[in-house]
Amino acid sequence: MPREKEELFKDLKNAVVEMDEDQVVVLANQVIEESVDAFEAIDQGLAKGMERAGQLFEEEEYFIPELLMCSDAMYTGLDILKPHLKPTTEGKKQKVVIGVVEGDTHDIGKNLVRIMLETSGFEITDLGRDVPPARFVDTAREISADIIALSTLMTTTMDGMQEVVRLLEKQDVRNQFKVIVGGGPISAAFAKRIGADGYASNAAEAVKLTKTLLA
Amino acid sequence: MAETHTTQEMTSLERISTALQYQKPDRTPVAPLFCGASHRVLGITYDTWSQNAELATKSLLAAHEIIGFDAFVTLVDLSVEAADFGQEVIFPKNSTGYPNFNNFLLKNADDYGKVKYVDPRKSKRMKSVIDICGGLAQARGHDTGVIGFIYGPLGVLSQMRGHEDLFKDLIRRPDRVLEAVDTITDSLVEFATAQIQAGAHSVCIDPLYSSASILKKETWERFEGPFCKRIADAIRDAGGLVTMHNCGNGVYFDAIIKWLNPVAISHAHPAYGCKTWEEHAAVWGNKVVSMGYSDPATTGLEMTPEEIIEDCRTQIETFSGCNGGFILSTGCEFPPNGNLLSAIAMIKAGKIHGVYR
């Protein structure tokens, strides 16, 4: 790798870690102006920066505000670089359908999981908040997802997770998807009881769980 | 449990008060944060319960009669204060009220100036909580603990701005955030004072972001610590006790004590820096009374009464070295859709396993 390109990627990574959106814009535009491969810039720059931010989060150097700022910087760079990706440079990604179950609108945990999964190389379909069980199943079938990730913060909406599993079974497609669950009131015991494939207590664990289930 | 033996049964209020003073009551007090679930006891919908102080009071009193907990907690939902500042709130028929996430009052960082002082006594939802405190105190304040509730100022602000945007504003626009938190605190000081004046024995402050699961300790101390202190001081000035709740993982007990100095902390997880409940009890159990630590979801929705009693026994034993300074409780609100028999099982556990001899 030429020294200049390496430096550019390092600067991109650092700009993400330092939550510096303006600098990300400058550097991402430099990538395009200098005809540097956009995929490499995303992979070696932006994603590495977010990976480092995730490490700092795990080490309790960064907390949720810092992680959100880093992700904003990363997405700013992605918006600039994505249109310049060559179609052949991206391999097939494993797909995750994620959302907050019906009746619940708390989505910060879900968003953190989405960010961490996305930067770990997964293709994410984010259904947002207050998602009916059937929509998880329909979407997962439509896009041939690998994982269905369900989140809730409320005890009154936990049953929606079980309903997703029930629907998958009813439609005889349960074995086509891995179902993972998380959120404040959720536990490994609850995941087991409803027939989910796994439970994660935080975003970093969710990434590990997803990788393990799809290995 | 060994040590002293009390022959005369205490009232719930005596039991709680004694525990808060690190003296041994007749048995471990039990207060399972039974709030929204009470709507099912009276047979009204959740949205009615959330918006009608008289019916909420009747519901809580009816729940108390059936379950027999030692203290009421007047948590209605976390959007009470924000609603009075002008935030649109959605009230589902059978679940907790919440802000309209598609219509936050503060749409950008320049909107923080929209937050203006609200007099809680002339408001709708905060006044409702004041009235609930008054109704409970009048009916049972002589023998049962009445604990009011206030969402911390930063939490209130998040209900009007959205969590994610607020968290980013802490870094991007700290001065604007601090201005709004200051204004909100002015109202919360009055809200706390009014709850005590209405008859609550204590007000529980919920600074939800004071844990390692959300903010760096220094960040919390900058944006909410001093403001919570003003509220805590107002509670004490009004003659009430300060209690605190945070169901987050890794609550900063040292910072909470520094700024709020509460008599008890209601929590769901061991304090920041403690890996186990045993470690927590050893480090913090004799410094501030713990209210905990049943898992609300598994207690209210999963476990059998027998399993709950056994789980509670473990908790009581974990804090047995704290000279009575422990209140058995759920680590967060008892599930509004939880099994009432589970709450009764917690009370039973206190009677079976919590007796100080």
Side-chain angles (χ1 to χ4, degrees), chain A residues 18-22 56-73 100-112 114-115 128-130 152-162 181 183-194 199 201-203 205, chain B residues 36-37 46 77-78 90 92-96 98-102 158 162-172 174 177 209 211-220 223 247-250 268-269 272-273 295-303 307 330-339:
Chain A
E18 288 160 16
M19 306 171 260
D20 191 342
E21 270 188 66
D22 294 342
L56 291 168
F57 183 67
E58 282 195 77
E59 292 164 8
E60 296 186 345
E61 285 294 323
Y62 276 8
F63 291 78
I64 289 180
E66 292 81 7
L67 202 60
L68 291 170
M69 292 288 287
C70 290
S71 83
D72 270 11
V100 178
V101 298
E102 189 169 28
D104 193 355
T105 52
H106 300 88
D107 65 352
I108 195 160
K110 180 268 294 175
N111 290 345
L112 290 173
R114 183 199 70 212
I115 291 163
R129 307 182 286 244
D130 194 16
T152 190
L153 191 72
M154 298 164 68
T155 56
T156 49
T157 50
M158 288 164 69
D159 287 346
M161 295 177 162
Q162 189 164 17
V181 294
I186 308 302
S187 62
F190 174 79
K192 191 177 173 188
R193 185 171 70 74
I194 67 167
Y199 155 79
S201 60
N202 59 46
E205 290 298 318
Chain B
Y46 206 119
D77 58 62
L78 298 181
I90 293 169
K93 191 174 176 186
N94 292 308
S95 190
T96 315
Y98 59 90
N100 183 348
F101 283 60
N102 297 313
S158 75
H163 297 92
E164 285 194 31
D165 284 320
L166 174 66
F167 291 151
K168 287 185 273 191
D169 290 340
L170 297 181
I171 295 170
R172 288 176 175 147
V177 172
Y209 306 135
S211 79
S213 55
I214 308 282
L215 296 182
K216 185 180 277 194
K217 183 162 66 178
E218 292 75 15
T219 308
W220 179 77
F223 285 95
C247 55
N249 202 351
H269 303 277
Y272 182 69
D295 178 77
T298 52
T299 299
L301 301 166
E302 305 263 337
M303 289 197 278
E307 288 170 334
T330 46
C332 195
E333 184 186 5
F334 188 88
N337 55 333
N339 187 342

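Proteins come first, then strands; the chains are lettered A, B, ... in the order of their sequence lines, and each starts at number 1. In this text, all values refer to a predicted model and were calculated from it rather than measured experimentally.
Atom CG of Asn202(A) is separated from atom OG of Ser213(B) by 10.0 Å, given to the nearest 0.5 angstrom. To the nearest 0.5 Å, atom CZ of residue Phe167(B) and atom CG of residue Leu67(A) are 12.0 Å apart. Taking NZ of Lys216(B) as the reference point, atom CD of Glu60(A) lies at 10.5 Å (rounded to 0.5 Å). Here CG of Leu153(A) is found 13.5 Å from OH of Tyr98(B). Values are rounded to the nearest 0.5 Å.
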For this session: Quick one: do Glu164(B) and Asp107(A) satisfy side chain to side chain contact (heavy atoms under 4.5 Å, CB included)? Show the steps, please.
Result: CA-CA 9 Å; Glu164(B) 285 194 31; Asp107(A) 65 352; 4.3 Å; yes

For this session: List the steps, then state whether side chain to side chain contact (heavy atoms under 4.5 Å, CB included) holds for His163(B) with Leu68(A).
Result: CA-CA 11 Å; His163(B) 297 92; Leu68(A) 291 170; over 6 Å; no

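Only the side chain of Tyr272(B) comes within less than 4.5 Å of a heavy atom in chain A; its backbone stays farther off. Ile214(B) touches chain A through backbone and side chain together, each having a heavy atom under 4.5 Å away. Only the side chain of Ser187(A) comes within contact range of chain B, with at least one heavy atom under 4.5 Å from a heavy atom of that chain. Of the atoms belonging to Thr96(B), heavy atoms from both backbone and side chain fall under 4.5 Å from chain A. Contacts between Pro92(B) and chain A at a heavy-atom distance below 4.5 Å are absent for every atom of the residue. Contact of Asp72(A) with chain B is made through the side chain alone, with heavy-atom distances under 4.5 Å. Heavy atoms closer than 4.5 Å to chain B are found nowhere in Tyr62(A), neither backbone nor side chain.
When all heavy atoms are compared, the tightest approach of Asn337(B) to Thr156(A) is ND2-CA, 3.5 Å. Nearest heavy atoms, Pro185(A) versus Ala297(B): O-CB, 3.3 Å.
A search for salt bridge (Lys or Arg N to Asp or Glu O under 4.0 Å) contacts involving Glu58(A) returns Lys208(A), not counting sequence neighbours.
Contact count versus chain A (heavy atoms, under 4.5 Å) is highest, among Leu170(B), Leu301(B), Leu215(B), for Leu215(B). Considering only heavy-atom pairs separated by less than 4.5 Å from chain B, the leading option among Met19(A), Arg129(A), Glu61(A), Glu66(A) is Arg129(A). Contacts with chain A were tallied for Ala268(B), Pro296(B), Ala212(B), Cys247(B); Ala212(B) has the most, counting heavy-atom pairs under 4.5 Å.
The aromatic rings of Phe101(B) and His106(A) sit perpendicular to each other, their planes meeting at more than 60°, with 30° as the lower class boundary.
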